[in-house]
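Below is one structure, written out as structure tokens, with a few remarks after it.
Here the structure is a predicted model, which is why all the values come from computation and not from measurement. For the numbers below, each heavy atom of this structure counts, side chains included, while hydrogens, waters and symmetry mates do not.
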Amino acid sequence: MDKVTKVRRHIKREEWKSIRVRNNGSVPQYYVTDDHEAIIPRDLYMQVQEEMQRRSNLHSGKNRKKRVYSSKYALSSIVYCSKCGDIYRRIAWNNRGKRSNVWRCVTRVERGPDACEADTIQETEL
């Protein structure tokens, strides 16, 4: 008899079967706080919750357009345009064989220079 068969027989026994019943006040309920030392300190936990809330409600630009948070780069969704208020996006440039990474205003990238006059920022400057 192999191990899998033994385990199956063991589980099929009646004494191992149990039924979950929701406690709707039939038995007293207790809520215990600060029973043991926390893995993460409460203030750090609250800071993380605030950052998660900020990322889920990310809006930018004059019309407060909803943006999706990107954690691909360290400065994603952190650098904002001083002209229109939209976020900056990291773009890989290839100018005459010279490759560089720059950050540009999303409004300028998507709608052109007439929509926003913000300058391009070299990643080394940031």
Side-chain angles (χ1 to χ4, degrees):
M1 185 181 308
D2 62 337
K3 290 182 182 181
V4 175
T5 307
K6 286 181 181 180
V7 170
R8 283 186 184 150
R9 283 186 182 172
H10 187 68
I11 291 173
K12 285 183 179 179
R13 291 186 196 159
E14 284 296 320
E15 67 239 21
W16 290 103
K17 291 183 180 179
S18 63
I19 299 171
R20 258 192 170 171
V21 178
R22 182 176 287 268
N23 184 2
N24 293 323
S26 57
V27 180
Q29 297 181 21
Y30 301 98
Y31 184 74
V32 179
T33 58
D34 300 326
D35 182 51
H36 57 281
E37 184 180 343
I39 297 171
I40 301 171
R42 189 172 299 277
D43 61 335
L44 179 60
Y45 173 80
M46 294 310 292
Q47 289 174 355
V48 170
Q49 295 302 311
E50 289 172 7
E51 179 64 15
M52 289 173 57
Q53 185 69 27
R54 183 190 73 83
R55 291 178 183 183
S56 68
N57 295 322
L58 192 62
H59 293 83
S60 64
K62 290 178 182 174
N63 60 356
R64 305 294 296 155
K65 184 176 180 181
K66 176 97 168 122
R67 295 286 182 187
V68 176
Y69 177 78
S70 169
S71 62
K72 191 170 184 181
Y73 305 106
L75 298 173
S76 295
S77 303
I78 294 176
V79 181
Y80 284 88
C81 177
S82 61
K83 309 284 186 192
C84 68
D86 212 344
I87 59 173
Y88 267 66
R89 180 182 293 163
R90 185 178 189 256
I91 297 173
W93 267 4
N94 187 3
N95 188 6
R96 297 184 188 135
K98 183 185 175 200
R99 295 176 186 222
S100 63
N101 294 318
V102 296
W103 289 78
R104 300 187 72 200
C105 173
V106 172
T107 303
R108 184 180 175 100
V109 171
E110 293 176 353
R111 296 192 201 131
D114 295 335
C116 182
E117 300 173 356
D119 295 330
T120 300
I121 304 172
Q122 292 289 328
E123 190 167 59
T124 54
E125 294 176 26
L126 292 176

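- Closest heavy-atom contact between Asp86 and Cys105: CB-SG, 4.2 Å.
- Nearest heavy-atom pair across Ile121 and Tyr88 is CD1-CE2, 3.7 Å.
- Among residues two or more places apart in sequence or in another chain, the side chain to side chain contact (heavy atoms under 4.5 Å, CB included) test is passed with Asn24 by Arg22.
- Among all heavy-atom pairs drawn from Cys84 and Thr107, the shortest one is SG-OG1, 3.6 Å.
- How far CD1 of Ile87 is from CH2 of Trp103: 9.0 Å, rounded to the nearest 0.5 Å.
- At most 12 heavy atoms of other shown residues, nucleotides or ligands fall within 6.0 angstrom of atom CD in Glu117.
- The CD atom of Glu51 sits 11.0 Å away from the CD atom of Gln49 when rounded to the nearest 0.5 Å.
- The nearest pair of heavy atoms linking Cys116 to Arg108 is O-NH1, 3.0 Å.
- The side chain to side chain contact (heavy atoms under 4.5 Å, CB included) test applied to Glu50 returns no partner, not counting sequence neighbours.
- Members clustered with Val32: none, using a 4.5 Å side-chain heavy-atom cutoff among hydrophobic residues.
- Side-chain heavy atoms closer than 4.5 Å link hydrophobic residues (I, L, V, M, F, W, Y) into clusters, and following such links, possibly through other members, connects Ile40 to Met46.
- Listed by chain and number, the hydrophobic cluster partners of Val109 are Ile91, Trp93, Val102, where partners are ILVMFWY side chains within reach of under 4.5 Å, directly or through others.
- Residues forming a salt bridge (Lys or Arg N to Asp or Glu O under 4.0 Å) with Asp34 (at least two apart in sequence, or on another chain): Arg42.
- Linking Ile, Leu, Val, Met, Phe, Trp and Tyr whenever their side-chain heavy atoms come within less than 4.5 Å leaves Val27 and Tyr30 in two separate clusters.
- The salt bridge (Lys or Arg N to Asp or Glu O under 4.0 Å) check on Arg90 picks up Glu123, with sequence neighbours excluded.
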